Amino acid sequence: MKRARLVGIMDRMELVLIAIGALGLLGLMGVLLLAKRLGGLQGLLSPLDRLDEIERRLGDLSAEFDRKELNTLLQVKMTEVTEANRRLLHSVGELRLEVQEIKDATAQRGGALRGGEGGESPSLDVIVRSHLASNGFTEVQLLSDLASLHDQTGRVVFEARRAGVMHKGHVNLLEGRVVDENVRAAYSAFP
């Protein structure tokens, strides 16, 4: 009986071992199937690995775009500064001319006053030029013959510049004094 019992136990153990082997084989097949399936999924997910590279490139492009936008704004501001500098230089040039004209007018007025010292009256030339200089005119050219005026009375036609613009006109004298003037810019004579 012992032997039959032993054979029965051995038969059962063989069955258990066969069952464990079958389960192990099934587990191994399951693992292989799972590995194959994971390999397929990894193949499908491999394009997602490029997302990191795409994200990096997108960041680079965004930074480049910001730099270009900044460069455009900077270029606009540089153009504005250049234009303002050009206008400033032009204004300084005009101021220099005006200061020179004031110096010339002051020098002419001083000469006219010095010519009037000593009790004698200044010449008509000096009277007309100093009057025009006091009104800001430079480069005065008298077109009338001053010697033809009787008793220092009459009309004196002239051309002169003021603020760089040519002007034409006349002054009326009465006994050596300017009583009236009529002056127009040369460009206003044309329609």
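Note that the structure is predicted; figures quoted are calculated from it, not measured. Side-chain atoms are counted along with the backbone in the values below, which use heavy atoms only and exclude waters and symmetry mates. Position 1 is the first residue of the sequence, and the numbers go up from there.
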What residue among Asp180, Val156, Thr153 forms side-chain contact (heavy atoms from CB on, under 4.5 Å) with Leu173? Val156
Sort and list the pairs that fulfil ring pair (Phe, Tyr, Trp, His ring centres under 6.0 Å) and have at least one residue in residues 29-60, not counting sequence neighbours. none
Go through it in stages, so that I can follow the logic: the residues are Thr82 and Thr79, the test is side-chain contact (heavy atoms from CB on, under 4.5 Å), and I'd like the CA-CA distance, side-chain angles, deciding distance and then a yes or no. CA-CA 5 Å; Thr82 302; Thr79 302; 5.7 Å; no
Closest heavy-atom pair and its distance - Met166, Ala160: SD-O, 3.4 Å
More than 12 heavy atoms of other residues, nucleotides or ligands under 6.0 Å from CG of Asp151: is that the case? no
Tell me whether the count of non-hydrogen atoms from other residues, nucleotides or ligands lying under 6.0 Å of CD in Glu55 goes above 12. no
Between Gly176 and Leu124, which heavy-atom pair has the shortest distance, and what is it? CA-CD2, 4.0 Å
Let me have the donor-acceptor pairs involving side chains of residues 87-97, under 3.5 Å, with sequence neighbours excluded, atom names and distances please.
from	atom 1	to	atom 2	distance (Å)
His90	NE2	Glu94	OE2	2.8
Ser91	OG	Arg87	O	3.1

Rounded to the nearest 0.5 Å, the CG atom of Leu33 sits from the CG atom of Leu28 at a distance of 10.0 Å
Per salt bridge (charged side-chain N to carboxylate O under 4.0 Å, His left out), Glu139 is matched among Arg129, Arg161, Arg162 by Arg161
Quick check for you: to the nearest 0.5 Å, what is the distance between Leu149 atom CG and Glu175 atom CD? 13.0 Å
Where do Glu80 and Glu83 land on the side-chain contact (heavy atoms from CB on, under 4.5 Å) test, with the steps shown first? CA-CA 5 Å; Glu80 288 175 4; Glu83 181 62 25; 5.8 Å; no
Just grab all the salt bridge (Lys or Arg N to Asp or Glu O under 4.0 Å) pairs involving residues 8-33, residues at least two apart or on different chains. none
Check whether more than 12 heavy atoms from other residues, nucleotides or ligands sit under 6.0 Å from atom CD of Gln42, and answer yes or no. no
One should read off an interatomic distance between Leu132 CG and Leu142 CG, to the nearest 0.5 angstrom, of 7.5 Å
One should read off an interatomic distance between Ile127 CD1 and Gln152 CD, to the nearest 0.5 angstrom, of 5.5 Å
CE of Met78 to CD of Gln75: how many Å apart, nearest 0.5 Å? 7.5 Å
Straight-line distance of Glu159 CD to His167 NE2, nearest 0.5 Å: 12.0 Å
